[in-house]
Participant: 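Below: one structure in structure tokens.
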Amino acid sequence: MNLNNNQLLGQPKAQFKMAQSSYQQPQQQQQQQGLQVPGQSKAIEESHCIRVMSKEVKAAARMQEWFKGKKQQKIYQKMKKKHRYRKNVIAEIINTERTYVNDLSIICEKVKTSSLPILTPNDIETIFMNCDQILGWNREFLQEMEKGYCKYNVDKKQMPKPYQPVFDGNAKQLKIPDAFAFKCYYEYCSKFTKSNKHFEHLKATDQKFKEFLTQLNKNGTLRGMDLGSFLVKPIQRLPKYILLFKDLEKNTDEDYPDLPNIKEIHKYFKEVNEENNKFMDIFMGRLQLQQLSESLKINQDDLLNEPNRIYKFEEKLTIIQPNAKSDEDCQVTVHALSDMLVVVHDEKVQKKLKLDSLSFVKNQSDNNKYFSNLFQIVGVGDTIQCIAETPAAKKKYIDQFEKLIQENRELEYAREKEICKQQIKMRYPVQVVVVGTEERNFQSFTKHTQYITEISINKVFQNIFIRYSEIEVMSIKYKQRYPRIELPQLPDKNWLMSHKTKSIEARKIAIENFLQALLQAKEIQQDSDILNELKLPKNFFDLPDLYQSILKSNLTQKQQNFKRTTLEGKEELREKGINVEKLKTSAGEILKAVYIEQETRKKSVVQICPNKVISYDNSKDPSLHKIIITFPDGTETALGVTEQTRVREILEYVAKYNHLIYYKDFRLYLIDQLKKQRVLDDDEVLYKVIEDERQNNHGILNKLEQMLAKSNAEVLIKMKKYIYLPAKLEESDYKEDPIRLINLAFSILDDVHDQKLQLGFKEYCLFAALYFHMKHSRLDDKLFGEVRRVVPQEMFQSSTDKEWKDLVTQCFKALDNELSQISKKNENDKIQKKPNSQFKHTDKKYLAAGVTLNAARTFVQSSMAIFQVQVYEGTQKFFKNAGLEVHPTIYLGLSIHKIHFLNPQRKEQFREIDYGRVNGVKSYPSQIIFDLQIFKEPIRFDTYQSYEIKSLVEQYQAIQRFDDEYELGHQFNIKH
């Protein structure tokens with residue numbers, strides 16, 4: 001039975017018989033065959049050639065054929081039901097269109113005509129609008145429908161022809177070029193509100209009109225309905241078309257010839273309805289704008305002077321008062337216009353915030369103690385600082401206002417393009433976010449807070465490090481220079497409260513608002529002083545265009561076709577210069593890849609606009625400043641840098657200068673005159689860092705402090721190991737790179753001197769002996785004074801000079817004998833070309849470095865960054881209730897796998913936590929809080945290194961995510 005769907009649906013009764021016969025005929029055949037079974041089986045038994053089907057097999061075959069017939073019957077019934085439903089939808093479209101056209105003719109030919117003696121021409125035009133035009137068009141539309149329907153519904157006694165197109169003529173009508181068609185509804189819908197208002201007014205005030213309406217009801221012209229119900233029908237009809245044709249499209253199979261027509265008509269009505277809604281929105285928006293102006297007693301010229309401005313929506317928000325003397329928030333009503341926000345409090349206008357193409361909504365960090373769910377609406381020269389009740393509410397508000405700003409941005413760009421008739425230069429919004437704070441000179445007389453502030457322009461980012469006092473100076477300076485520009489007021493200065501967390505968080509918001517307004521102001525963007533003070537490049541505002549041009553020139557054709565902006569897969573890593581094959585064996589290659597991915601997603605200013613770094617000895621440029629960098633082995637190099645050169649640029653230069661293959665695990669450390677050290681952030685300007693340190697250490701109190709601490713004569717900048725990966729991966733790198741081996745070994749000796757490892761007298765002597773082997777390859781009386789570069793002062797004073805000298809010398813000689821033997825063995829292995837002999841050193845300097853690393857590896861502390869913290873009183877009680885006594889001062893160790901809790905005596909571990917169990921880390925000016933899965937409440941520690949700890953945790957988590965994403969199998973995130 002091979003019949004197509006047309007035949008089946010065209011003759012349903014015949015189809016039912018065919019479907020029925022499809023499962024009855026096999027049964028009859030089987031019954032006939034069943035009667036022949038005895039005779040046949042006898043013949044088969046005689047020939048012994050054919051096996052007899054058992055009765056059970058025959059029964060199963062008959063059952064299968066029966067089910068096949070049932071299945072065909074169900075398919076047919078389903079098709080029949082769908083066809084019947086489709087027929088009803090088509091009938092509804094035709095019948096409702098007939099009724100609708102009839103109602104339009106009643107309005108135009110009966111009501112409107114008979115009202116001419118009663119109403120004025122203005123009344124008639126206002127009430128009935130362009131209903132005659134709508135009637136004329138819909139009559140034509142109905143006529144085409146009727147033509148198609150007649151061919152579809154040929155004979156009432158028979159089923160309609162299901163495959164006969166009905167709407168072919170209507171689809172052609174809508175495709176006619178310049179056809180006004182249903183666009184005539186735009187005028188009717190846009191004037192309907194005014195029409196309805198006038199209609200109600202006449203009903204209430206005009207006696208003749210009231211009598212006229214009464215007469216219409218008496219003679220049955222309106223079928224017992226009100227005239228208003230007839231006048232609203234064109235408004236209701238457009239959405240009805242969409243629903244009907246959507247339903248018809250859904251129930252029309254792909255092989256129906258009429259389906260393209262139905263789709264085309266459905267699409268057309270959706271577009272017309274959307275456009276019509278815009279007309280209605282504009283009309284209603286202008287009307288609401290006028291009502292707002294009247295209710296708030298605002299000069300209408302202030303709101304209505306912009307012809308494209310309309311009212312959008314109203315929202316209740318909680319905002320932080322801009323008054324610097326108050327930290328209290330208040331409830332306001334924000335009336336959102338298309339290009340302006342009107343903030344109302346106690347029925348008075350508090351602020352009018354103009355929106356333009358540079359406006360945006362800033363999703364602020366929740367890394368605050370006193371303020372949460374913050375977001376900020378940035379407008380022209382001002383901002384609105386808001387607080388949401390919940391994260392969900394915050395997201396809702398952000399999405400709502402971002403949509404408003406984006407619509408305004410598109411309209412503004414389209415208008416400017418139309419006016420200029422040519423390509424115009426885009427202006428990009430500048431965003432300012434304080435991402436963290438650091439306490440500098442924490443235990444000094446010059447203690448202050450640095451605000452780490454991220455400034456971005458269209459996905460190009462730069463962190464700056466700035467003090468609040470610097471912002472105050474800038475505020476005074478630029479308010480005087482640009483008196484017409486309204487810059488936000490800064491909070492009053494209170495020295496006693498300046499280091500309180502709540503005060504610092506309020507200042508963070510103030511810094512964001514001030515810099516935001518300063519950098520967004522068009523007049524100020526030409527002032528190079530501002531960019532220079534913020535250590536931003538002179539072409540900062542051109543960076544997005546510059547970045548796009550660099551990106552286009554660097555992209556391969558394949559990348560351009562796919563428009564890739566992030567690295568996806570190992571092939572993309574390979575294109576960026578990563579040795580993919582080494583990712584499973586090399587710590588350096590992993591870190592290199594992680595940083596490349598981060599930089600791809602978040603482009604830094606220095607990647608687009610690098611600063612100058614050269615050897616100072618070869619420099620003849622008077623604008624460069626001399627910087628001394630100390631390597632782990634104590635050697636130094638002088639560099640020439642600009643006033644904007646960042647730490648990351650200097651680190652990259654010195655790594656290449658030192659011939660390091662991998663260097664991403666190293667950092668530059670600042671060791672101040674009090675011998676306190678801190679890690680420098682990649683984005684810090686090194687020249688400014690050193691100058692700030694020098695200025696901070698002036699004055700009588702500071703000089704006294706330096707004398708008591710036996711301070712350094714000068715600030716030191718030293719390169720040291722910072723990030724630690726698994727030992728096997730580290731070993732793979734330093735075996736291939738002897739320069740790296742030496743740098744790692746001297747970094748270990750720095751850790752020994754800083755008492756990171758808890759050692760005894762003999763162990764200090766061993767590391768001192770290793771130092772002399774690596775540094776000088778000899779030991780004599782003149783050199784022995786350098787032992788203090790390895791042994792800390794307090795430890796050195798615990799024994800006599802002779803005791804130190806005797807044991808260090810003894811260790812040196814024993815090591816010399818052992819290293820000599822290893823050297824000879826390795827040399828023989830190389831001669832014999834034994835496996836891996838190319839990685840075996842014969843120079844005792846490198847052999848001593850290897851011994852240093854192996855010796856340090858026996859101490860777990862050697863593979864982690866360690867920070868001293870004070871345990872918050874509440875956290876101490878929490879630990880105590882959990883049965884764990886914790887000292888008020890402990891150490892936090894951060895390794896690639898975990899956070900380690902170390903006791904203060906010998907830095908021995910008493911607890912560890914996988915990064916996978918860390919829900920979040922929040923850093924405050926002098927506190928860090930961990931939200932951990934295994935504890936019911938967050939645990940808090942006091943430390944001036946809170947931002948550094950948070951950043952390092954996030955870096956290790958990023959390495960683990962990279963490992964998981966590329967399935968490297970290093971198992972950085974070990975869960976117990």
Side-chain angles (χ1 to χ4, degrees), residues 587 631-634 665-666 720-735 737-779 783-784 786-792 795-796 798-799 803-823 825-826 839-866 891 893 895-896 900 902 906-909:
F631 292 107
D633 64 354
D665 53 335
F666 284 88
K720 293 176 63 176
K721 174 80 168 171
Y722 182 63
I723 294 177
Y724 299 88
L725 267 63
K728 286 186 178 180
L729 298 177
E730 297 266 12
E731 185 177 352
S732 172
D733 290 337
Y734 67 68
K735 276 185 176 180
D737 184 0
I739 302 298
R740 180 177 180 79
L741 175 63
I742 290 295
N743 279 280
L744 289 176
F746 276 106
S747 288
I748 290 291
L749 296 180
D750 272 342
D751 290 340
V752 169
H753 180 269
D754 296 337
Q755 297 179 286
K756 179 179 177 180
L757 312 180
Q758 294 299 300
L759 308 176
F761 176 68
K762 292 182 179 180
E763 292 157 330
Y764 274 114
C765 289
L766 173 63
F767 279 111
L770 287 167
Y771 166 83
F772 288 113
H773 269 290
M774 290 189 293
K775 185 72 174 175
H776 304 291
S777 300
R778 60 190 178 86
L779 175 59
L783 295 174
F784 183 74
E786 293 182 22
V787 74
R788 298 193 184 191
R789 293 187 180 181
V790 179
V791 183
M795 184 65 192
F796 189 80
S798 65
S799 301
E803 289 173 325
W804 282 108
K805 188 174 182 180
D806 289 346
L807 190 53
V808 169
T809 303
Q810 184 181 338
C811 289
F812 183 89
K813 290 179 179 179
L815 276 170
D816 190 55
N817 291 332
E818 188 174 343
L819 295 176
S820 296
Q821 292 176 15
I822 297 172
S823 176
K825 182 179 180 301
N826 289 347
F839 301 128
K840 295 181 179 180
H841 299 289
T842 56
D843 189 329
K844 288 191 283 186
K845 171 183 177 180
Y846 298 116
L847 292 173
V851 173
T852 303
L853 293 179
N854 290 332
R857 199 179 294 175
T858 60
F859 299 88
V860 293
Q861 298 89 344
S862 66
S863 61
M864 62 181 75
I866 295 178
Y891 291 95
S895 70
I896 182 61
H900 307 264
L902 313 174
R906 295 192 55 80
K907 297 181 182 174
E908 294 172 336
Q909 179 176 293

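Values below: every heavy atom of this structure, side chains too, minus hydrogens, waters and symmetry copies.
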Participant: In plain terms, say whether Glu730 and Arg857 are close enough for a salt bridge, that is, a side-chain N and a carboxylate O under 4.0 Å apart.
Facilitator: no
Participant: Mind telling me whether Tyr771 and Phe746 have parallel, tilted or perpendicular rings, with 30° and 60° as the class edges?
Facilitator: perpendicular
Participant: Please tell me if the side chains of Leu725 and Asp665 come closer than 4.5 Å, counting only heavy atoms from C-beta onward.
Facilitator: no
Participant: Should Ser747 and Phe666 count as side-chain neighbours, where that means a heavy-atom distance under 4.5 Å?
Facilitator: yes
Participant: Is the shortest heavy-atom distance from the side chain of Ile748 to the side chain of Phe767 under 4.5 Å?
Facilitator: yes
Participant: Under 3.5 Å, side chain of Asp733 to main-chain N/O of Ala587, donor-acceptor pair present?
Facilitator: yes
Participant: Rounded to the nearest 0.5 Å, what's the gap from CH2 on Trp804 to OG1 on Thr809? Could you check?
Facilitator: 12.5 Å
Participant: Is a side-chain N or O of Asn826 found less than 3.5 angstrom from the main chain of Thr842, in a donor-acceptor match?
Facilitator: no
Participant: If every non-hydrogen atom of Ala849 is compared with every non-hydrogen atom of Leu741, which pair is closest and at what distance?
Facilitator: CB-CG, 3.7 Å
Participant: Are the side chain of Glu763 and the backbone N or O of Gly760 linked by a donor-acceptor pair below 3.5 Å?
Facilitator: yes
Participant: Measure the NE2-CD distance between His753 and Gln755 for me, rounded to the nearest 0.5 Å.
Facilitator: 8.5 Å
Participant: Looking only at non-hydrogen atoms, find the nearest pair between His841 and Pro738 and report the distance.
Facilitator: CE1-CB, 3.9 Å
Participant: Measuring from atom CG of Asp816 to atom CD of Gln821, what distance do you get when rounded to the nearest 0.5 angstrom?
Facilitator: 10.5 Å
Participant: Taking the side chain as every heavy atom from C-beta outward, state whether Met774 and Leu749 have any atom pair closer than 4.5 Å.
Facilitator: yes
Participant: Return the CZ to NZ distance between Arg789 and Lys775, rounded to the nearest 0.5 Å.
Facilitator: 6.0 Å
Participant: Treating Lys762 as the side-chain partner and Leu807 as the backbone partner, does any N or O pair qualify as donor plus acceptor under 3.5 Å?
Facilitator: no
Participant: Looking only at non-hydrogen atoms, find the nearest pair between Tyr764 and Leu757 and report the distance.
Facilitator: OH-O, 4.2 Å
Participant: Please check this pair: side chain of Gln861 against backbone of Lys907, looking for a donor-acceptor N/O pair closer than 3.5 Å.
Facilitator: yes
Participant: How far apart are the closest heavy atoms of Phe772 and Leu783, and which atoms are they?
Facilitator: CE2-O, 3.3 Å
Participant: Heavy-atom count check: over 12 atoms from other residues, nucleotides or ligands less than 6.0 Å from Gln758 CD?
Facilitator: yes
Participant: List the steps, then state whether side chain to side chain contact (heavy atoms under 4.5 Å, CB included) holds for Phe859 with Leu759.
Facilitator: CA-CA 10 Å; Phe859 299 88; Leu759 308 176; 3.2 Å; yes
Participant: For Val808 and Leu779: C-alpha separation, side-chain torsions, deciding distance, then whether side chain to side chain contact (heavy atoms under 4.5 Å, CB included) applies.
Facilitator: CA-CA 9 Å; Val808 169; Leu779 175 59; 4.0 Å; yes
Participant: Okay, side chain of Lys721, backbone of Ile723: is any donor-acceptor separation there less than 3.5 Å?
Facilitator: yes
Participant: Would you say Ser732's side chain and Leu729's backbone share a donor-acceptor pair under 3.5 angstrom?
Facilitator: no
Participant: For the pair Thr852 (side chain) and Ala745 (backbone), establish whether a donor and an acceptor sit closer than 3.5 Å, ignoring hydrogens and angles.
Facilitator: no
Participant: About how many Å separate CZ of Phe796 and CD of Glu803, when rounded to the nearest 0.5 Å?
Facilitator: 10.5 Å
Participant: Between Asp633 and Lys845, is there a side-chain N and carboxylate O pair less than 4.0 Å apart?
Facilitator: no
Participant: Ignoring hydrogens, what is the shortest heavy-atom contact between Tyr724 and Ser863? Give both atom names and the distance.
Facilitator: CB-O, 3.4 Å
Participant: Between Ser823 (side chain) and Leu819 (backbone), is there a donor-acceptor pair under 3.5 Å?
Facilitator: no
Participant: To the nearest 0.5 angstrom, please state how far the CD1 atom of Ile742 sits from the CG atom of Leu853.
Facilitator: 9.0 Å
Participant: Is there side-chain contact between Leu902 and Gln909, with heavy atoms separated by less than 4.5 Å?
Facilitator: yes
Participant: Can you check whether His900 reaches Ser895 side chain to side chain, under 4.5 Å on heavy atoms?
Facilitator: yes
Participant: Locate the shortest heavy-atom distance separating Gly893 from Met864; write the atom from each residue and the value.
Facilitator: CA-SD, 3.6 Å
